[in-house]
Protein chains: 2
Amino acid sequence: MANKQTFLGEFEHIVMLTVLSLGDDAYGVTVRQQLRDIIGREVAIGALYATTERLEKKGLLTSTKSGASAQRGGKAKRYFKVTSQGIAELERTKQNLEKLWGLQAVSQTI
Amino acid sequence: MANKQTFLGEFEHIVMLTVLSLGDDAYGVTVRQQLRDIIGREVAIGALYATTERLEKKGLLTSTKSGASAQRGGKAKRYFKVTSQGIAELERTKQNLEKLWGLQAVSQTI
DNA sequence: GAATAATATCTACATAATAGATATTTACGG
DNA sequence: CCGTAAATATCTATTATGTAGATATTATTC
């Protein structure tokens, strides 16, 4: 097992999908809201930033600060965007899961 | 965020699917082989047992020792089986991912 | 009975996920 | 303008997951 392989963790995975789904409006609060709306999952805001930071380090996500344009105040939003490398990674992850789901005994069961 | 939610981690997820796919023949070596064959992923045997043990603690998997029936020796195999709770969990996980994948911007991209 | 094959178990460490408290910035009402 | 509230990000600490590989156990063959 010489060369390290890396994979999207499960939370990383859904955060990336959520960011992607939000297009130009993906920042901490909206990502959190979207996760709650779509899959009913409550995430701590800290969890989110920790994860996006890791994803940035891996080159799967980028972030840019908006100029201060908040409705009622607040720090400048940090907008996230999935990189093309990130998209490739998502695609690979999805294909692998689909392969596993497609196996006989599995598709009969779940 | 009072009550703790738990989710299948990414490795847990694929291990469960693999065990399921192997039916009555799921033990350390075959699970490892299947993962290599289907998605080209090399896993350390220790990683596998650590994970199955955790899944057992959560009630998503059970294991039973075979009588010693190995071809050429070796310790008795430990056969794994996904519990019905495990199946429910897999189903939930799959549905959530499918929801996210189905979102407009996502399905246009990956 | 020594070498080898098939398997599981153990130990230690690295990475990912979670929780929630705290800090920063701006707008609104008086 | 000042205090309060709102919107957001950042920080700190802890727990849960994932990874690696060495070691132990059991049986077979020669």
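Order of the sequence lines sets the chain letters (A, B, ...), proteins ahead of strands, with each chain counted from 1.
Among C:dT18, D:dT10, D:dA22, the nucleotide with an atom closest to any side-chain atom of B:Ile45 is D:dA22. When each of C:dA8, C:dT18, D:dG18 is scored by its nearest atom to the side-chain atoms of B:Glu10, the top-ranked nucleotide is D:dG18. Proximity note for B:Tyr27 (side chain, C-beta onward) versus C:dA16, C:dT7, D:dT10: the nearest is C:dT7. The side chain of B:Glu12 lies closest to D:dT17, out of C:dT9, C:dT24, D:dT17.
B:Gly46 comes within contact range of at least one nucleobase, with a heavy-atom separation under 4.0 Å. Looking at heavy-atom distances under 4.0 Å, B:Tyr49 makes contact with a base. Residue-level contact check: B:Lys57 touches neither bases nor backbone, having no heavy atom under 4.0 Å from any strand.
Rounded to whole angstrom, the span from the CG atom of A:Leu48 across to the C1' atom of D:dT12 amounts to 17 Å. Taking atom CZ of B:Phe11 as the reference point, atom P of D:dT19 lies 6 Å away to the nearest angstrom.
Looking only at atom types and distance, the side chain of B:Glu89 has no donor-acceptor partner in the side chain of B:Gln85 under 3.5 Å away. With no hydrogens or angles considered, a side-chain donor-acceptor pair links B:Arg36 and B:Gln33 at under 3.5 Å.
Taking for each of A:Gly9 and B:Phe80 the nucleotide of DNA chain C with the nearest heavy atom, the 5'-most of the two is the partner of B:Phe80.
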